[in-house]
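Worksheet: the structure to be examined is printed underneath.
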Amino acid sequence: MRSRKSLAEVVTSWLLVGLLLVAGLLVVLFRAPVLSVAGLTRDGAPSTVEPSLFEPSASRSAAGTGLIEPVSTPAEGTLPNRSTLEGRLASLDVSKLVNAQKQRVSPAYSVVDIATGETVAARSDGVALIPASNTKLLTSVAVLNRFRGDETFATTVVQPEKGTIVLVGGGDPMLAAEPASDEAYPKPASTRRLAEATAKALKDSGQTSVSLGYDASLFEDSGWAATWPSRYGSQVTRISALWVDEGKSGTTRSATPALDAAKVFATQLEESGITVEDTISEKGGSGDELARVESLPVHVLVEMAMQLSNNSYTEVLGFQLALADKRPATFAGSAAAIQAQLTDLGLWKTGARLVDASGLSRENVVTSSMLAGAVRTMATEPRLSVILDGLPTAGVTGTLADRFTDDISRPARGIARAKTGTLNFVSTLAGTTRTADGRQLAFAFLLNGQTDGWAAKVWGDQAVGTVTSCGCS
């Protein structure tokens, strides 16, 4: 009797072990999707800026313009019927989309098929409106059209004469004071490593004390766009070819980022055994090079600027684009260079205007067809797809985690990816989705002038949900 009972117990135990193993396997296989659909994971990029602050790897072989050529994307699923889809979008409630005078505000939008470029829905897609942070989509495409993607920007130390060194900024937007941890991604260059290399070079030449200067003359502009109010200082650092940690100390942004970077470097030199004498001053950066550190590759810089929706990084990349395009490293030069690249790609439209690269300015105006076209370019060019992959997912991550909650917008949850753009009286959404018929589409929805910001977001979400749920062949 006892032996039978023991055998039963053994069988039961093995059954329980088997069940636990199966359960564990299911958790591994399905944990991530379940968490995503449930909205329990968060990442992605923020909007341009808090609305309350505003008033009403490279595969190309050579740099140049017009180098991004969309690859052939397999056309899967059925193409939506344009009139049907436009009719469904037109039926969305717009009663709350009114301006301060209680007049109706009309949305502008463009929805295009990624495989063919065919427009499958549009309304006022040639009207130029404020894009807010979605300007970064255009800047990203322009930068990666001009650069191969593997280029880096060097921060150097030169010695004009014995006893004097100059820290020279090369326009590395992600230059950090300290090296990143082994687990971190990405790992930007640091002034700590530069100081250590500089100290070694000085000691090898018999020098243990120097005077220190700094040179941030690579960028010609004052660093502050004329269209930015001073209170934007919490959202963007004065643009400079030399800073560390984006010119920030905690939540405070420096008004003199180059000088502050030099002070950090001086402290690190002292800690490496080099005495820094005299007052740190601005000097020309000519002389023999003692040491250098290289930035992350351009494609990573663009990726991080988009994922973080970082205004400062994006503006620096705009200045670098201007230099690569042999234009002045100014806001005007940056805007002109972006326009030139978008023109070469066939994306620039009449009536559009850019005055900065990040979308902070209310004087930027673009069309929804430009944004949808830029998204399609990203979706069809393998080098750029990582940018779209980093965008928030509808109802799941980042700035879209708490959106797409009603019956009309919910079909887009976990499927659509989009970049948000928000200023006072401005709400934009641009990205990609897949329809119920399995067709991959790029979209851009723009609203300007509405006083109810929440209603504008709801309308945009419902528009994307309507496109996603489209079984409208």
Side-chain angles (χ1 to χ4, degrees), residues 47-56 82 85-112 119-138 227 229 349-355 359-375 394 399-400 402-409 412 416 418-431 433 442-468:
S47 301
T48 311
V49 68
E50 290 297 324
S52 60
L53 294 176
F54 289 84
E55 294 173 351
R82 178 167 179 169
L85 181 54
E86 287 181 343
R88 294 185 182 183
L89 290 170
S91 68
L92 296 176
D93 182 14
V94 294
S95 62
K96 295 181 180 179
L97 302 181
V98 295
N99 59 23
Q101 290 73 44
K102 306 301 181 184
Q103 298 171 326
R104 183 66 52 79
V105 172
S106 298
Y109 60 80
S110 178
V111 184
V112 300
T119 298
V120 296
R123 175 174 178 172
S124 302
D125 60 337
V127 176
L129 298 175
I130 301 171
S133 193
N134 266 304
T135 303
K136 295 181 179 70
L137 287 172
L138 301 176
T227 56
K349 303 296 181 182
T350 301
R353 182 189 184 206
L354 292 178
V355 298
L360 281 169
S361 178
R362 301 184 70 88
E363 293 192 17
N364 294 322
V365 288
V366 305
T367 68
S368 60
S369 61
M370 287 176 63
L371 287 177
V375 171
T399 50
L400 301 182
D402 300 324
R403 294 172 57 169
F404 296 85
T405 57
D406 60 41
D407 290 342
I408 300 175
S409 62
K419 177 76 183 73
T420 58
T422 306
L423 302 175
N424 267 3
F425 317 117
V426 176
S427 181
T428 66
L429 200 60
T433 194
F443 61 82
F445 294 96
L446 284 73
L447 277 163
N448 280 190
Q450 71 285 346
T451 55
D452 189 333
W454 178 251
K457 290 181 179 180
V458 169
W459 184 90
D461 294 353
Q462 290 184 345
V464 176
T466 298
V467 173
T468 306

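When all heavy atoms are compared, the tightest approach of Ala374 to Leu138 is CB-CD2, 3.8 Å. In terms of heavy-atom proximity, Leu423 sits nearest to Ala132 at CG-CB, 3.7 Å. Residues Ser124 and Ala108 share a closest heavy-atom pair of O-CB, 3.5 Å. In terms of heavy-atom proximity, Arg123 sits nearest to Ser106 at NH2-OG, 3.5 Å. The two atoms that bring Thr367 and Gly126 nearest to each other are CG2-O, 3.5 Å, heavy atoms only. The minimum heavy-atom distance linking Ala372 with Ala444 is given by the pair N-CB, 3.8 Å.
With hydrogens and angles ignored, the 3.5 Å screen pairs a side-chain donor or acceptor of Asn134 with a backbone N or O of Lys419. Between the side chain of Asp125 and the backbone N or O of Ser368, no donor-acceptor pair lies under 3.5 Å. The backbone N or O of Leu371 lies less than 3.5 Å from no partner atom in the side chain of Ser110, so there is not a single donor-acceptor pair. At distances below 3.5 Å, at least one donor-acceptor pair connects side-chain atoms of Glu86 with backbone N or O atoms of Ala122.
For Thr422 and Ser427, the side-chain atoms include no donor-acceptor pair closer than 3.5 Å. For Ser361 and Asn364, the side-chain atoms include no donor-acceptor pair closer than 3.5 Å. Judged purely by distance below 3.5 Å, without hydrogens or angles, the side chains of Lys349 and Ser369 never pair a donor atom with an acceptor atom.
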*Report the C-alpha distance between Phe443 and Val375 in whole Å, list the side-chain angles of each, state the deciding distance to 0.1 Å, and finish with yes or no for side-chain contact (heavy atoms from CB on, under 4.5 Å).*
CA-CA 8 Å; Phe443 61 82; Val375 171; over 6 Å; no
*asked:* Applying side-chain contact (heavy atoms from CB on, under 4.5 Å) to Arg362 and Thr227, what does each step give before you reach the verdict?
replied: CA-CA 8 Å; Arg362 301 184 70 88; Thr227 56; over 6 Å; no
*Kindly determine whether Tyr109 and Leu89 satisfy side-chain contact (heavy atoms from CB on, under 4.5 Å), including the steps that lead there.*
CA-CA 10 Å; Tyr109 60 80; Leu89 290 170; 3.5 Å; yes
*asked:* Between Gln462 and Phe445, does the side-chain contact (heavy atoms from CB on, under 4.5 Å) criterion hold? Intermediate values first, please.
replied: CA-CA 11 Å; Gln462 290 184 345; Phe445 294 96; over 6 Å; no
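Using a 4.5 Å heavy-atom cutoff, the side chains of Thr420 and Thr428 are not in contact. At least one side-chain heavy atom of Ile408 sits under 4.5 Å from a side-chain heavy atom of Leu92. Val426 places none of its side-chain heavy atoms less than 4.5 Å from the side chain of Leu446. Counting only heavy atoms from C-beta outward, the side chains of Val467 and Thr433 approach each other to under 4.5 Å. Residues Asn99 and Gln450 form no side-chain contact, since every pair of their non-hydrogen atoms from C-beta on lies 4.5 Å or further apart. Using a 4.5 Å cut-off on side-chain heavy atoms (C-beta onward), Leu447 and Val105 make contact.
Taken from NZ in Lys457 to OG1 in Thr399, the straight-line distance is 8.0 Å, to the nearest 0.5 Å. The distance from atom CG of Asn448 to atom CG of Leu97, rounded to the nearest 0.5 Å, is 12.0 Å. Considering CG of Leu400 and CG of Asp461, their distance stands at 7.0 Å, rounded to 0.5 Å.
At a threshold of 4.0 Å, the pair Arg353-Glu363 counts as salt-bridged, since one of the basic side-chain nitrogens sits closer than that to a carboxylate oxygen. Asp452 and Lys96 are not joined by a salt bridge, as no carboxylate oxygen comes within less than 4.0 angstrom of a charged side-chain nitrogen.
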